[in-house]
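Residue numbers start at 1 and run along the sequence shown.
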Amino acid sequence: MHGPTLTAWLLLTLCGASTLYCLLRSRRCVGEERRTAAGEAVMGIGMTAMALPAAVLSPPSWSWGVYAAVFGVAALHALVSLRHGGHHPHHLVGSLAMVYMAWPGHGAAHGGHGGGGGGGALPLVTGALLVYYAAYVLRSGARLVPVAGQMAGQVAVAGPRAAVGPAWVVRPEFTLVCRLSMALAMLAMLVAL
């Protein structure tokens, strides 16, 4: 993501904060919820690295292949998890989106001047990912709006918890805000392609 420097710094901050939250959540939760938080933290680390402004660090050309390989493995893990009863198809889409952005010839791997075919046409995959993430952001944002009759502070926290880390880390609305932030950052990175 080598667009305008201010935008890159803002994305770097957003992705870094979301990554930190996911790491804290992975320490606080157990079982499937811990694995989910760890997967989101890996996604956040990759997105943070991709958001690093080119003025600060211009990654070597081979690093994009490493990103593609790491997120390819993450996509395979998400696929296997889904086949065995996992419930996060979003992780599969996110991992595949990261592979797509890191793949040689696409925007993130070449300074934000992506591989759209003739005349700046929007590539089909980029368009599909933009639609997916726009819908995900709208759906996540709508889920943050309180339902009539629900009082703030009465959100139930389900499932077992480890005793490590602050209790606010496992609040469902914070988790949703984290996911919304990551989706917004992904949307911004895709727009830059």
Could you list the donor-acceptor pairs under 3.5 angstrom formed by side chains in residues 43-50, with sequence neighbours left out?
| unit_1 | atom_1 | unit_2 | atom_2 | d |
| --- | --- | --- | --- | --- |
| Thr48 | OG1 | Cys15 | O | 3.4 |
| Thr48 | OG1 | Gly16 | N | 3.3 |
| Thr48 | OG1 | Gly44 | O | 2.7 |

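Identified under the salt bridge (Lys or Arg N to Asp or Glu O under 4.0 Å) test for residues 131-143, with sequence neighbours left out: none. Applying the salt bridge (Lys or Arg N to Asp or Glu O under 4.0 Å) definition to pairs two or more places apart or across chains, none involves residues 14-23. Each ring pair (Phe, Tyr, Trp, His ring centres under 6.0 Å) pair with one or both residues in residues 170-193, not counting sequence neighbours, appears once here: Trp168-Phe174. Within the structure, the ring pair (Phe, Tyr, Trp, His ring centres under 6.0 Å) test picks out no pair touching residues 23-44 (sequence neighbours left out). Sorted pairs that involve residues 181-193 and meet salt bridge (Lys or Arg N to Asp or Glu O under 4.0 Å), not counting sequence neighbours, are lacking altogether. The side-chain hydrogen bond (donor to acceptor under 3.5 Å, both in side chains) analysis of residues 175-187, with sequence neighbours excluded, yields the pairs Tyr21-Thr175, Glu40-Arg179.
Interatomic distance, OG of Ser26 versus CZ of Arg35, reported as 12.0 Å (0.5 Å rounding). Atoms CG and CG, on Leu52 and Leu11 in that order, are 11.5 Å from each other to the nearest 0.5 Å. The distance from atom OG1 of Thr5 to atom CG of Leu10, rounded to the nearest 0.5 Å, is 11.0 Å.
Considering all non-hydrogen atoms of both residues, Ser140 and Leu180 come closest at CB-CD1, 3.8 Å. Looking at every heavy atom in both residues, Cys178 comes nearest to Cys22 through SG-SG, 3.4 Å. Of all non-hydrogen atoms in Pro53 and Ala8, the two that sit nearest each other are CG-CB, 3.7 Å. Residues Val56 and Trp9 share a closest heavy-atom pair of CG2-CZ2, 3.2 Å. Counting all heavy atoms, side chain and backbone alike, Ala183 lies closest to Val137 at CB-CG2, 3.7 Å.
Taking hydrophobic clusters as Ile, Leu, Val, Met, Phe, Trp and Tyr residues chained together by side-chain heavy-atom distances below 4.5 Å, Leu57 shares a cluster with Leu12. The hydrophobic clustering, which links ILVMFWY residues whose side-chain heavy atoms are closer than 4.5 Å, places Trp62 and Val70 together. Phe71 and Leu23 fall into different hydrophobic clusters, where Ile, Leu, Val, Met, Phe, Trp and Tyr are joined by side-chain heavy atoms under 4.5 Å apart, directly or via other members. Placement of Tyr136 and Leu14 in two distinct hydrophobic clusters is found when ILVMFWY residues are connected by side-chain heavy-atom separations under 4.5 Å, directly or transitively.
At least one side-chain heavy atom of Met98 sits less than 4.5 Å from a side-chain heavy atom of Met186.
A search for side-chain contact (heavy atoms from CB on, under 4.5 Å) contacts involving Leu92 returns Ala75, Ala78, Leu79, Leu82, Leu96, not counting sequence neighbours. For the side-chain contact (heavy atoms from CB on, under 4.5 Å) test, residues two or more places apart in sequence or in another chain that qualify with Val191 are Leu130. Every residue meeting the side-chain contact (heavy atoms from CB on, under 4.5 Å) condition with Val125, not counting sequence neighbours, appears here in chain and number order: Tyr100, Leu129. The ring-ring contact (aromatic ring centres under 6.0 Å, His included) test applied to Tyr133 returns His90, not counting sequence neighbours.
Without hydrogens or angle criteria, Arg34 side chain to Arg27 main chain gives a donor-acceptor distance under 3.5 Å.
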